[in-house]
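Here is the structure we will look at, set down as structure tokens.
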Amino acid sequence: MSETPYRYTAELAERIELAWQDRWAAEGTFHAPNPAGPWADPEGVAGREKLFVLDMFPYPSGAGLHVGHPLGFIATDVYARFQRMTGKNVLHTLGYDAFGLPAEQYAVQTGQHPRKTTEENMVTMRRQLRRLGLGHDDRRAIATIDEEFYRWTQWIFVQIFNSWYDESAECGRGKARPISELVAALESGERATSSGVPWIWLNADAQRKEIDDHRLAYTSEAPVNWCPGLGTVLANEEVTADGRSERGNFPVFKRSLSQWMMRITKYSDRLVDDLDRLDWPEPVKLMQRNWIGRSSGAKVSFHAPAADGSTTSESPASIALDVFTTRPDTLFGATFMVLAPEHPLVDVIVPVGDWPEGTRDAWVPGGRLEMTPTEAVEAYRRSASRKSDVERQSEGKDKSGVFTGAFATNPVDGRSIPVFVADYVLMGYGTGAIMAVPGQDVRDFEFATKFDLPIIRTVQPPAGHPDDEAFTGDGPAINSANDEISLNGLGVTEAKAKTIAWLQDKGFGEETVTYKLRDWLFSRQRYWGEPFPIVYDEAGHAITLPESMLPVVLPEVANYSPATFDPEDAMSTPAPPLALATEWVNVELDLGDGMKPYRRETNTMPNWAGSCWYELRYLDPANNDTLVDPEVEKYWMGKHAETVVGAPVGAVDPGGADLYVGGVEHAVLHLLYSRFWHKVLFDLGHVSSEEPFRKLFNQGYIQAFAFRDSRGQSVPAAEVIEVKGPDGEIAYAWHGDPVTREYGKMGKSLKNVITPDEMFKGYGADTFRVYEMSMGPLDLSRPWETRAVVGAQRFLQRLWRNVVDEETGELTVTDDAPDLATTRLLHRTIDTLRTDYDGLRFNTAIARLIEFNNALTKLPHVPRETAEALVVMTAPVAPHIAEELWAKLGHTESLTFENFPEADPAMLVDDTVTCVVQVQGKLRDRLEVAVDISEEELRALALASDKVIAALAGKVVRKVIVRAPTLVNIVAS
RNA sequence: GCGGCCGUAGCCCAAUUGGCAGGAGGCACAGGUUUUAGGUACCUGACAGUGUGAGUUCGAGUCUCACCGGCCGCACCA
């Protein structure tokens, strides 16, 4: 110990790391200059390319970090540090998505204000992250709970409220425009009202409704996902497929409630189409496409006679039942129709009285002698409404339904087809009604089989296709002709087009596009979120507050909890915590026509609101006049001259952050909402970029092993030892008892958490960083293995020893020039490191560093030139030790902005190269040849090789493949 | 059920994109040097032929097909 006082130990690493962290902070090393706005520093910006590196907004968890959390943060830091060394002006910071449920739930339990809890958590997290040595611009580290931040969240809400989507703008692509322009267009008559009644004839309420119906933020009395167990409503996206809350796993019920909505569906097409211009992982793009669920097809009107009892003078004798289909080509095979149980026209078509002629027994499962159509349908609808989504799902193939007693006419051939009600048709998609084509649709086939309905094939299945299965593939149309049109022989695509043209021509239908995406439910009955900048006047009309009254600050309340209910109590009604702050809710304000009483909106915004735009505020956090100075936004996020690889020809670059790193769990919700808000801000002219995140990278997760004893209880993973079983198998034991191993997340309950603090203490931050980055490719999940961390430490120790004498602390490098082999290796290392760092391949970058470092270790003396290059190249992954060595090498400035070495192309090519000679693809000989050797020369050389001749013995050379200068393959027989 | 991703030494992972698996790197393992010893550090070494089977090719870890195993997303979306 005393002999090596200058060994690079965890203690020495800590001293070095803390000192450099202090110095970076004191010097503001990572402050990135802005071109304009409050921090305008045009000189600092001049002459450099910019780069905006972004991490997904973290929530400051109370549990503290485990070693998996910082993976992405380290990666972006390595990348940002590398890019600074290539001369770029890099913006990298980290703020906090600090509103959220955990702090609120803690507040409910303890009475401690969620702000206090959150701020304490942020202090802990900042300390842990600072200790990692992340090069963040701390001036920009905003939090969503800052009043100065959520003032602008509210401001954006006001902009969205005060705009509408003009679908005719931009050549039919559409764009958001200020609502005032809609009002002007309606007043001038340039635009007709939705009802067709002239604007001036409408009374004030009708005019208001006409406008509100177009706002991008609107209130709606609509079925929402009410979760009594959480005491709040949820967005569709927050409800799982089996009808429970994603958080807490409570039952969710459909309730009709008045809630704020965002008209994200207006952006469906752009949200799908613009994915093509983004450099995002394909799986994420696919998930977004699936979520938006655009499918094109046709709307077709079938007609059914109105039932006598419900026909009034106003309703026509026949009712149009509109269906949506993606397979209009199969219209001739439509043998029945199905309406969703909730379909509003069910009542209108069910005949009064008895079952019509032609009703089959199987069509009325309850027995048609027992019930009238009205009774049977009513019974079915009741039972369907009582079924939970889980039950509906678990039925799977076992379709249920009932005949309505009505027949509709297939427009293509006038055939009369029965109309059913069945819950395999969903009211929420398409028109809530389908034409059933059992021949070409699996679900319809199942239904037809069970309900004794005819099946007509209209696409010829290939030979061998089972008779008792629908055929959904492509093939020639059959059985598809009437007097005016024949599809027979056409493929699916042509048949679709021809049918649509015919339907349109006859007025029976039209080409249509539908989406799965629904408008976004934006109200939450919670305390710890952004209040809406909305008050209601005495008539109950929503009014946005003027900018001068923002932010609307959260009031203090006695109870942070929304009223929660029995999780099964579907009939309970939301009661948000803010409603109890009566002196805050009821205010007198002058909103232009004198002091009047108003009532505040008592819902809060969902957690997504702040994370929908935070990246914009990073750019210009001190700006009090605007959410971001336009010039600053254009500088950091503006459109590039070049589009991303793979973008459609002729496309315009959308701009956005240059690199966004985070987990794939945000593939849909956060990324979709942010894109939506960003596009609204773009349409309204507040930002120049069309997309928030130009390049997205999904990091993998660090997983861990967990161990359970015979009772299934988790045991502390750190205390488990590996033992060899009797048959040599590896087994695990805890305190002598056998335990089983499983692989998964790191978590408190699994007793397998390793914290960064333990790593700092045992190895230092640089070792921890190197280990995390060297474990494997960044996008792959992999297991944490503490015992493997020493590998990273040994590397840094060898690096240290290559420069510093462990006993004296003296510099050991010499001023000799490196030999040729070392120089060549250096330049090859530089070359691959540049591309590896740039491509986020830090694992291979570190392997090259280790390789080069090991090569230097073997030299009698390390030449200063190579040591300096190695130190600079190591700096992105291990910045503290690099700074320290850099200083020891005699430099006084931080190496943060030191130029990354450039490879000399001349040093990348050797004079000679090893040529591989294969016979029949098998390696037979190696030849050292000149790099510029000609094909003929090499061929001759290879054929002259003794080993080759031996391998060719008794064979005839058929062919010689020469890839000069590296490979010759001789084919013989 | 539909869609997507992935299988290389005991383990984590490389492989110029079809051209040498004396595997780039690391862990673990064995032996050695230093050490009173343990540990640290350093040196040396052993270990797989790329999940299975076929195909294309002069040549396949890389391309194609089928199967096996694992992971992820969606889930009656007409």
Side-chain angles (χ1 to χ4, degrees), chain A residues 1 3-4 7 9 241-242 281-284 286-287 289-291 293-295 297 323-327 330 338 340 392-393 395-399 422-426 428-437 440-444 446-447 472 514-517 664-665 667-668 722 728-730 743 770-771 774-777 779-795 797-798 801 806 832 835 841 843-851 853-854 857-858 914-926 958-963 966-972:
Chain A
M1 182 72 182
E3 296 153 40
T4 52
R7 168 163 294 180
T9 58
D242 56 355
E282 272 313 311
V284 175
L286 195 66
M287 279 189 254
R289 286 194 194 99
N290 289 342
W291 190 264
R294 176 166 68 187
S295 59
V323 304
F324 172 74
T325 176
T326 56
R327 294 291 302 275
T330 62
V338 184
R392 270 201 188 197
Q393 282 225 329
E395 284 175 6
K397 287 188 166 188
D398 192 19
K399 300 273 179 293
D423 63 6
Y424 82 92
V425 172
L426 310 173
Y429 185 77
T431 61
I434 62 159
M435 64 175 209
V437 187
Q440 274 74 232
D441 184 281
V442 180
R443 298 150 303 182
D444 296 344
E446 286 159 5
F447 193 86
T472 56
T514 60
Y515 306 87
K516 282 200 282 183
L517 185 68
V664 71
E665 71 271 20
V668 175
E722 226 176 84
E729 295 278 294
I730 291 175
Y743 180 56
V770 169
Y771 173 64
S774 68
M775 289 165 78
D779 53 355
L780 224 72
S781 294
R782 51 254 146 108
W784 177 265
E785 198 183 359
T786 299
R787 68 179 178 181
V789 179
V790 291
Q793 191 183 32
R794 286 178 193 151
F795 160 54
Q797 283 178 333
R798 283 198 298 273
R801 248 193 326 267
E806 285 191 333
T832 52
T835 54
R841 288 185 297 274
N843 56 324
T844 51
I846 290 168
R848 296 291 154 216
L849 288 170
I850 292 173
E851 198 177 16
N853 189 48
N854 288 349
T857 306
K858 294 191 174 77
T914 309
C915 174
V916 177
V917 185
Q918 300 173 333
V919 176
Q920 310 288 62
K922 292 232 163 36
L923 179 65
R924 294 300 177 194
D925 198 9
R926 289 167 219 280
R958 296 237 169 247
K959 198 171 175 185
V960 181
I961 289 115
V962 183
R963 292 280 178 275
T966 54
L967 183 124
V968 178
N969 189 13
I970 300 160
V971 189

Spacing between [X] atom [atom1] and [N] atom [atom2], to the nearest angstrom:
X: A:R794; N: B:rC27; atom1: CZ; atom2: P; result: 5 Å
X: A:F795; N: B:rC27; atom1: CZ; atom2: P; result: 12 Å
X: A:R7; N: B:rU34; atom1: CZ; atom2: P; result: 16 Å
X: A:M287; N: B:rA75; atom1: CE; atom2: P; result: 12 Å
X: A:N290; N: B:rA78; atom1: CG; atom2: P; result: 11 Å
X: A:L286; N: B:rC74; atom1: CG; atom2: C1'; result: 10 Å
X: A:Q797; N: B:rG26; atom1: CD; atom2: P; result: 14 Å
X: A:K399; N: B:rA78; atom1: NZ; atom2: P; result: 14 Å

How far, in whole Å, is [M] from [N] if one measures between their [atom1] atoms?
N: B:rU50; M: B:rG18; atom1: C1'; value: 15 Å
N: B:rA41; M: B:rG49; atom1: C1'; value: 34 Å
N: B:rG45; M: B:rU57; atom1: C1'; value: 38 Å
N: B:rU62; M: B:rG19; atom1: P; value: 11 Å
N: B:rC13; M: B:rA21; atom1: C1'; value: 14 Å
N: B:rG38; M: B:rA30; atom1: P; value: 14 Å
N: B:rC76; M: B:rC67; atom1: C1'; value: 30 Å
N: B:rU52; M: B:rC58; atom1: C1'; value: 26 Å

Between [options], which nucleotide gets closest to the side-chain atoms of [X]?
X: A:I850; options: B:rG26, B:rG3, B:rC76; answer: B:rG26
X: A:N854; options: B:rG25, B:rU40, B:rC27; answer: B:rG25
X: A:A847; options: B:rA28, B:rG4, B:rA24; answer: B:rA24
X: A:I434; options: B:rC76, B:rA78, B:rA24; answer: B:rA78
X: A:R801; options: B:rC42, B:rC58, B:rG25; answer: B:rC42

> Is any side-chain nitrogen or oxygen of A:R798 closer than 4.0 Å to OP1 or OP2 of B:rC42?
Replying inline: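 For A:R798, the contact criterion (side-chain N or O under 4.0 Å from OP1 or OP2 of B:rC42) is met.
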
Taking any strand in view, what nucleotide pairs with [N] in a Watson-Crick or G-U wobble way, both distances under 3.5 Å?
N: B:rU34; answer: none
N: B:rG73; answer: B:rC2
N: B:rU40; answer: none
N: B:rC65; answer: B:rG53
N: B:rU16; answer: none

> Which comes earlier along RNA chain B counting from the 5' end, the contact point of A:Q793 or that of A:G428, where each point is its nearest nucleotide?
Replying inline: A:Q793

My understanding is that only residues two or more places apart in sequence, or in another chain, count here; which of them pass salt bridge (Lys or Arg N to Asp or Glu O under 4.0 Å) with [X]?
X: A:R963; result: none
X: A:R801; result: A:E806
X: A:E851; result: A:R848
X: A:D441; result: A:R443

Touch check for [X], heavy atoms < 4.0 angstrom, all strands: base, sugar-phosphate only, or nothing?
X: A:S295; answer: sugar-phosphate
X: A:V916; answer: base
X: A:R958; answer: nothing
X: A:K516; answer: base

>> Going by side chain to side chain donor-acceptor pair (under 3.5 Å), name the residues that satisfy it together with A:T472, two or more places apart in sequence or in a different chain.
In response: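 Side chain to side chain donor-acceptor pair (under 3.5 Å) check on A:T472 returns nothing, list empty.
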
Where do [X] and [Y] come nearest, in terms of heavy atoms and distance?
X: A:T514; Y: A:G430; answer: CG2-CA, 4.2 Å
X: A:Y424; Y: A:V338; answer: OH-CG2, 3.7 Å
X: A:T431; Y: A:F324; answer: OG1-N, 3.5 Å
X: A:Y771; Y: A:P783; answer: OH-O, 4.3 Å

> Is the glycosidic angle of B:rU17 within 90° of 0, making it syn, or outside that range, making it anti?
Replying inline: syn

> Pick one for B:rG49: is it syn, with its angle within 90° of 0, or anti?
Replying inline: syn

Give me, pair by pair, the N or O atoms of the protein and of nucleotides 12-19 of chain B that are less than 3.5 Å apart, along with how far apart they are.
unit_1 : atom_1 : unit_2 : atom_2 : d
B:rC12 : O2'    : A:M775 : O      : 2.7
B:rG19 : O6     : A:R963 : NE     : 3.3
B:rG19 : O6     : A:R963 : NH2    : 3.4
B:rG19 : N2     : A:Q918 : OE1    : 3.4
B:rG19 : N2     : A:N969 : ND2    : 3.3

> Is a side-chain N or O of A:R798 found less than 3.5 angstrom from the main chain of A:T857, in a donor-acceptor match?
Replying inline: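 Not confirmed, A:R798 side chain does not pair with A:T857 backbone.
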
